[in-house]
Protein chains: 2
Amino acid sequence: MSSIDIVDLTAVSAIAAGTNKPSRRVVASGIGGKLMGSKEMTTVTAEQLAQDSINALLAKDRADRLKYSKSKHISEQPWTLSNWHDHINWLNLILVVFIPLSGFLSTIWVPVHSKTLILGFSLYVMSGLSITAGYHRLWSHKAYQARDPVKLIYALFGAGAVEGSIKWWGHSHRIHHRYTDTNRDPYDARKGFWYSHMGWMLQKPNPRYRARADISDLTDDWIVRVQHRHYIPIMLFMALILPTIISGYFWNDYLGGFVYAGILKYFVIQQATFCINSVAHWIGVQPFDDRRTPRDHFLTALLTFGEGYHNFHHEFPSDYRNALKWYQYDPTKHVIYLSSLVGLSYNLKTFSQNAIEQGILQQKQKKLDAEKLKLNWGTPLNELPVWTKDEFFQRSKEQKGLVIISGIVHDVANFIAEHPGGQPLIKASSGKDATTAFNGGVYIHSNAAHNLLATMRVAVIKDAVVNGNTYNLQMETLRKKNKSLDY
Amino acid sequence: MSSIDIVDLTAVSAIAAGTNKPSRRVVASGIGGKLMGSKEMTTVTAEQLAQDSINALLAKDRADRLKYSKSKHISEQPWTLSNWHDHINWLNLILVVFIPLSGFLSTIWVPVHSKTLILGFSLYVMSGLSITAGYHRLWSHKAYQARDPVKLIYALFGAGAVEGSIKWWGHSHRIHHRYTDTNRDPYDARKGFWYSHMGWMLQKPNPRYRARADISDLTDDWIVRVQHRHYIPIMLFMALILPTIISGYFWNDYLGGFVYAGILKYFVIQQATFCINSVAHWIGVQPFDDRRTPRDHFLTALLTFGEGYHNFHHEFPSDYRNALKWYQYDPTKHVIYLSSLVGLSYNLKTFSQNAIEQGILQQKQKKLDAEKLKLNWGTPLNELPVWTKDEFFQRSKEQKGLVIISGIVHDVANFIAEHPGGQPLIKASSGKDATTAFNGGVYIHSNAAHNLLATMRVAVIKDAVVNGNTYNLQMETLRKKNKSLDY
Ligand code: HEM
Ligand code: HEM
Ligand SMILES: [Fe+2]
Ligand SMILES: [Fe+2]
Ligand SMILES: [Fe+2]
Ligand SMILES: [Fe+2]
């Protein structure tokens with residue numbers, strides 16, 4: 001007899017991390033490489049990752065703890081007067097805080113030119129959509145494929161959003177999806193709103209929680225490679241220089257172009273994107289899964305060209321849509337769809353409607369189960385004492401209101417005065433077996449009556465035929481006896 | 001060993017019908033008795049009813065059919081030119097159609113006096129509330145108790161609604177609740193909108209479907225007795241004579257008082273009440289039970305002083321409320337509650353919040369189950385073929401994409417290109433057991449992934465440990481191994 005191979009976790013972890021095969025090494029050129037350096041976070045072997053699998057995690061965790069108890073990484077040291085500057089990721093701080101701040105200050109004395117505002121807004125739309133349709137859905141999730149002209153536009157204008165290269169962005173994003181709400185999640189929402197919004201990028205990360213995802217498809221893409229290699233100049237040109245030149249050359253507003261259509265434009269896009277990691281993990285509903293933080297909210301979608309249906313997105317990441325209903329705002333989806341109509345994109349991926357509806361129903365079921373737990377459905381049968389018939393007989397002599405229905409003894413004494421069918425009927429059943437009388441023999445009791453009955457359970461009769469679901473019992477009895485009949 | 005008595009169906013049916021004890025015979029005096037005569041519908045013994053219980057219904061039905069095949073009751077004969085007048089309940093036809101019709105015609109030449117309209121509206125409110133708070137909730141359902149002054153008002157103004165005596169109304173209403181949506185239901189909604197609205201009262205009923213409910217509590221009530229005995233004069237006085245006298249004596253509008261505050265007022269109340277039997281069984285939602293026709297609708301409630309939450313009411317008939325939410329319109333409930341504050345009513349009955357919420361949750365569950373049935377959840381395990389390990393081994397040689405997860409073989413060939421985690425990972429699992437790899441070993445798959453997986457089932461491995469709910473399997477594995485750990 002041959003035996004079936006079990007998938008080798010080390011080998012598949014290597015595949016998942018992309019370390020199983022020689023892959024291109026793409027680094028940024030010049031000073032950019034040094035500044036952007038996320039190398040420290042990605043030098044991890046497949047073996048290391050495999051050891052992290054559920055079987056080895058505990059051991060590794062202990063080992064790591066030991067290791068860092070001797071020489072602590074900067075991220076594990078407290079902030080002090082002498083080390084605070086080491087904690088900080090200065091490039092990011094300058095790009096996402098200092099420059100935008102100086103931009104805001106300049107608005108005090110830089111006059112606003114309406115043409116500049118229109119240019120700023122256009123660039124905001126172009127760069128924003130390049131992030132959502134390009135960086136995110138195309139490159140990070142392979143939700144569809146696109147032709148080079150479109151990809152070039154996304155790569156250029158995406159750089160203008162000042163959110164890092166496609167390669168870096170896509171890699172962290174894949175890690176975010178794979179390790180959502182864990183320490184390996186770069187924007188771990190459990191660490192608070194501000195951490196997931198910007199905090200994570202302003203301080204140095206803890207290499208104890210490094211991770212790696214396969215991005216060989218990205219490094220195989222010449223556009224991704226070129227963009228990454230020359231990211232800093234491309235970014236500076238697209239984000240700041242281009243709007244400055246246009247505004248200056250055409251309507252002589254160099255400074256306004258720089259401040260409004262350059263700095264403040266990219267600031268708005270950055271913040272919108274950051275909202276996906278913060279707001280979209282904090283505010284909204286969870287129609288598909290509530291074990292993790294992602295949420296659906298119209299407002300987040302409005303800010304982010306439709307990326308706000310984040311609960312859906314985490315469940316169906318490679319769907320080119322983030323929203324399905326006509327009233328949900330997802331312009332990125334329309335851009336992708338329209339570009340496919342003219343042949344600029346193709347292979348648009350969607351999850352089956354079946355899978356999507358399954359998720360919704362399961363989530364509804366989960367909520368319903370939680371609500372059910374709050375109510376009294378009667379003592380479970382296996383927790384009830386067992387009485388012999390003799391015992392029931394004896395007790396019934398001493399105590400009024402014990403009624404057997406479906407092998408279960410009920411104490412209906414307190415209900416006699418409440419019975420909508422009147423007191424005499426219940427009194428006549430006291431000390432007796434009223435299974436048939438209750439279940440349609442005299443009156444077809446409603447659902448509510450069966451629920452009430454269950455809350456009055458006190459014992460089970462030994463060796464009796466017991467059916468805790470008296471409602472179903474009644475339905476079956478009626479079906480059997482009543483068939484073609486209508487009384 | 002003593003044996004437990006089983007409730008005697010004949011005896012309890014007698015109790016339910018009120019035929020187990022001598023009970024007062026209350027008949028209308030004079031010509032009223034002859035005209036109102038519902039005697040034919042209620043001369044049925046407890047034994048007859050008990051035979052109708054689920055055990056004997058079929059036999060009785062056959063016997064009845066035989067009986068009426070010889071001499072048919074008028075209701076079973078076709079309408080012909082020579083017998084149509086026998087089909088009709090003339091008293092009802094005159095009271096609910098002819099008189100109102102003549103009232104409408106008179107409006108052409110009878111001028112409208114504003115004081116008469118105000119009187120008409122006041123009487124409409126008084127008589128309407130007397131039906132809902134008195135006839136219905138107090139007498140028919142014993143949802144609370146009231147002191148004689150209040151009961152007298154309800155008996156008098158209720159008669160002014162021209163809907164029959166309390167005794168007759170309460171009896172048919174109890175039968176309606178006991179036999180809802182069956183042939184014994186006087187206003188059986190299954191027979192169409194018009195039948196349940198007015199049709200049922202304009203033709204003679206079929207005695208094959210006679211029924212009886214215990215109304216000894218009603219015949220024990222002197223107010224009910226007096227009202228029934230002298231119903232016709234009380235009705236004529238309250239409905240027509242009183243408004244005529246008031247309008248004539250105080251503002252000299254005898255004719256207007258008769259037409260507007262008399263005929264048309266009672267017509268509106270009648271129609272509103274009829275709507276409970278028609279509209280409230282046709283239009284609206286069913287939050288508590290959808291096996292039968294009653295429905296909740298705001299508009300029906302608006303027409304009927306709050307009786308439109310009829311789905312609730314059929315489920316919880318002896319609750320003095322028909323609506324629970326603050327935004328639902330149920331003025332009758334407020335009238336009852338206010339009268340209890342000043343001691344005019346007492347013993348207000350309510351069903352427990354627990355029972356009410358149980359009903360809502362069960363109904364939601366039912367809808368969810370129905371929606372679930374529409375989706376593909378994968379072939380049930382017991383319908384799958386069983387393969388030995390050797391069989392799997394052989395087939396895997398011929399066919400790519402067979403993956404074992406949790407003892408179940410899945411054909412993932414068509415999904416390889418769709419896999420959001422990439423093709424290589426699934427390909428590496430082909431022909432192997434990927435239980436651990438799939439269930440968190442490499443990646444913690446979402447709910448959606450487990451649903452998709454189930455739809456790809458093709459076989460079960462012989463003697464393997466099988467768990468069809470791979471999602472739960474993953475959760476348990478994670479819980480066990482992961483415990484205090486967060487990776
Ligand atoms: C022992 C526990 C019992 C419970 C909790 C119970 C509960 C109820 C409830 C909630 C109703 C209101 C209508 C409905 O929900 O269907 C009702 C009505 C009724 N019950 Fe019971 N019941 C019990 C026992 C019995 C027995 C033993 C009999 C007969 C022998 C009986 C005969 C009736 C009848 C005839 C009505 C109809 C009242 C009407 O609408 O005229 N019940 N019961
Ligand atoms: C055989 C049936 C499989 C199905 C139906 C399936 C389904 C999915 C789905 C729907 C996702 C999207 C994210 C999610 O829903 O959690 C996903 C992602 C993923 N799957 Fe699978 N999968 C299968 C097999 C595997 C196997 C055998 C492995 C590993 C050996 C694997 C590794 C992954 C990884 C690493 C991701 C994460 C992608 C990312 O976000 O970076 N899958 N899979
Ligand atoms: Fe996210
Ligand atoms: Fe994403
Ligand atoms: Fe009804
Ligand atoms: Fe009722």
Return the [atom1] to [atom2] distance between [X] and [Y], rounded to the nearest 0.5 Å.
{"X": "Asp8(B)", "Y": "Thr436(A)", "atom1": "CG", "atom2": "OG1", "result": "11.5 Å"}
{"X": "Ser429(B)", "Y": "Ile6(A)", "atom1": "OG", "atom2": "CD1", "result": "12.0 Å"}
{"X": "Lys142(B)", "Y": "His419(A)", "atom1": "NZ", "atom2": "NE2", "result": "10.0 Å"}
{"X": "Leu452(B)", "Y": "Asn354(A)", "atom1": "CG", "atom2": "CG", "result": "8.5 Å"}
{"X": "Asp181(A)", "Y": "Ile444(B)", "atom1": "CG", "atom2": "CD1", "result": "10.0 Å"}

Part of [X] lying under 4.5 Å from any heavy atom of chain B:
{"X": "Ile356(A)", "answer": "neither"}
{"X": "His141(A)", "answer": "neither"}
{"X": "Ser396(A)", "answer": "neither"}
{"X": "Lys364(A)", "answer": "both"}
{"X": "Ala417(A)", "answer": "backbone"}
{"X": "Phe288(A)", "answer": "backbone"}

Which atom pair, heavy atoms only, marks the closest approach of [X] to [Y]?
{"X": "Glu418(B)", "Y": "Thr350(A)", "value": "OE1-O, 4.5 Å"}
{"X": "Asn447(B)", "Y": "Arg291(A)", "value": "N-NH2, 4.1 Å"}
{"X": "Ala428(A)", "Y": "Val7(B)", "value": "O-CG2, 4.4 Å"}

Can you confirm whether more than 12 heavy atoms, excluding those of Lys191(A), are under 6.0 Å from its NZ atom?
yes
Can you tell me which of Ala449(A), Gly359(A), Gly422(A), Ser446(A) forms the most heavy-atom pairs within a distance under 4.5 Å of chain B?
Ser446(A)
Name the member of Lys374(A), Glu315(A), Gln394(A), His314(A) that forms the most heavy-atom pairs with chain B at distances under 4.5 Å.
Glu315(A)
Indicate whether any N or O donor in one side chain lies under 3.5 Å from an N or O acceptor in the other, for Gln365(B) and Lys372(A).
yes
Determine whether the side chains of Gln362(B) and Asn451(A) contain a donor N or O and an acceptor N or O closer than 3.5 Å.
yes
So for [X], is it side chain, backbone, both, or neither that comes closer than 4.5 Å to the heavy atoms of chain A?
{"X": "Tyr471(B)", "value": "side chain"}
{"X": "Arg292(B)", "value": "side chain"}
{"X": "Thr435(B)", "value": "neither"}

